[in-house]
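Inspection log for the structure reproduced underneath, given as structure tokens.
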Amino acid sequence: MSTIPIEGPIETPWKLPHRGTVGMACLILAEAAIFIIFVVAYIFYIGKSLSGPTPAQVLELPIFGTICLLSSSITVHFAVSALRKENLRNCTINLAATVLLGSIFLLTTAREWYHLIHDEGLTIQTNLFGTTYYSLVGLHATHVVVGLIMLSIAFALSLEGLVKEEHAEKLEVLSLYWHFVDAVWVVVFLVVYVLGK
């Protein structure tokens, strides 16, 4: 009676991660450290303003903007997936959706700031709340702007037909940055609009 050799699972050889992914991971770690400092400062100064207005008096939950920003994480994921499958049309559509959703989020932030400055008189110099609020939310908004610039460039290149399947790794690196920006917003949202009120 002959025995049939049992083969174990096929092992794929280990290879170095893509250098863009490593670089982005290092950038995200550094940026996360900066955001942690700003978040801790915001939490430390909650309720310590000697004058108004207070967060409870002027802040409203930015639900619509938050939904748009978090949805953009899904569309950028779909853009990368479509590019990996060489579906350039879907990649372009999802990049456009990502840029649109991110832009809507920025517009809702601008609208909120206009209301706070013009209607409520809250500026970065008004009190500790104003200083920490504009510093933290402004830092995040700056990262959204940077991400939108890079995504807009990717979108423009895809419209020109210059984005191909071999660029999927680079688009994925960009998507990591965008996912980080979205994840940071969850923390900012909870700290500023939920815990801070």
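If you're wondering where the values come from, they're calculated on a predicted model, not measured in any experiment. Note that the numbering runs from 1 along the sequence shown for the chain.
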Please report the interatomic distance [atom1]([X]) to [atom2]([Y]), rounded to the nearest 0.5 Å.
{"X": "L88", "Y": "E165", "atom1": "CG", "atom2": "CD", "answer": "9.0 Å"}
{"X": "H115", "Y": "L122", "atom1": "NE2", "atom2": "CG", "answer": "9.5 Å"}
{"X": "L101", "Y": "L148", "atom1": "CG", "atom2": "CG", "answer": "10.0 Å"}
{"X": "S158", "Y": "N94", "atom1": "OG", "atom2": "CG", "answer": "10.5 Å"}
{"X": "L171", "Y": "L95", "atom1": "CG", "atom2": "CG", "answer": "5.5 Å"}

[X] and [Y]: which non-hydrogen atoms are nearest, and at how many Å?
{"X": "A82", "Y": "N90", "value": "CB-CB, 3.7 Å"}
{"X": "P53", "Y": "F129", "value": "O-CD2, 3.5 Å"}
{"X": "H179", "Y": "V76", "value": "CE1-CG1, 3.6 Å"}
{"X": "A154", "Y": "L174", "value": "CB-CD2, 4.3 Å"}
{"X": "A79", "Y": "C91", "value": "O-SG, 3.5 Å"}
{"X": "I28", "Y": "L176", "value": "CD1-O, 3.7 Å"}

Check for me, please, whether [X] and [Y] land in the same ILVMFWY cluster - side-chain distances under 4.5 Å, paths through other members count.
{"X": "V181", "Y": "I34", "answer": "yes"}
{"X": "F38", "Y": "L128", "answer": "no"}
{"X": "L190", "Y": "V144", "answer": "yes"}
{"X": "V194", "Y": "V137", "answer": "yes"}
{"X": "I104", "Y": "L70", "answer": "no"}

Is the closest side-chain donor-acceptor distance between [X] and [Y] under 3.5 Å?
{"X": "W178", "Y": "T98", "answer": "no"}
{"X": "T123", "Y": "T126", "answer": "yes"}
{"X": "D182", "Y": "S73", "answer": "yes"}

Hey, are the side chains of [X] and [Y] touching, using non-hydrogen atoms and a 4.5 Å cut-off?
{"X": "S135", "Y": "I124", "answer": "yes"}
{"X": "E169", "Y": "T21", "answer": "yes"}
{"X": "L61", "Y": "F189", "answer": "yes"}

Where the side chain of [X] meets the backbone of [Y], is there a donor-acceptor pair that is under 3.5 Å apart?
{"X": "T108", "Y": "F64", "answer": "no"}
{"X": "Y177", "Y": "H143", "answer": "yes"}
{"X": "N87", "Y": "L83", "answer": "no"}
{"X": "S72", "Y": "L69", "answer": "yes"}
{"X": "N127", "Y": "S49", "answer": "no"}
{"X": "S175", "Y": "H77", "answer": "no"}

Notebook entry, point to check: Which pairs count as salt bridge (charged side-chain N to carboxylate O under 4.0 Å, His left out) when at least one residue sits in residues 94-122, sequence neighbours excluded?
Noted result: none
Next item on the list: Kindly state each residue pair satisfying salt bridge (charged side-chain N to carboxylate O under 4.0 Å, His left out) with at least one member in residues 79-89, sequence neighbours excluded.
Entry: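 Listed once each, the pairs are R84-E172.
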Check: Who are the ring pair (Phe, Tyr, Trp, His ring centres under 6.0 Å) partners of Y134, not counting sequence neighbours?
Finding: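 So Y134 forms a ring pair (Phe, Tyr, Trp, His ring centres under 6.0 Å) with W113.
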Check: Who pairs with F155 by ring pair (Phe, Tyr, Trp, His ring centres under 6.0 Å), at least two apart in sequence or on another chain?
Finding: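 Listed in chain order: nothing, the list is empty.
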Margin query: Could you go through L59 and Y133, starting from their C-alpha distance and side-chain angles, then the distance that decides it, and tell me whether this counts as side-chain contact (heavy atoms from CB on, under 4.5 Å)?
Written below: CA-CA 10 Å; L59 290 184; Y133 166 81; 3.9 Å; yes
Note to self: By the ring pair (Phe, Tyr, Trp, His ring centres under 6.0 Å) test, which pairs, at least two apart or in different chains, include something from residues 93-112?
What the structure shows: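 For residues 93-112: F105-H140, F105-W185.
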Check: Quick one: side chain to side chain contact (heavy atoms under 4.5 Å, CB included) partners of L157, sequence neighbours excluded?
Finding: I153, L162, V163
Margin query: Are more than 12 heavy atoms, taken from residues, nucleotides or ligands other than Q125, located less than 6.0 Å from that residue's CD atom?
Written below: no
Check: Just wondering, are more than 12 heavy atoms of other shown residues or ligands nearer than 6.0 Å to OH in Y45?
Finding: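 Not buried by this count: 12 neighbours or fewer within 6.0 Å.
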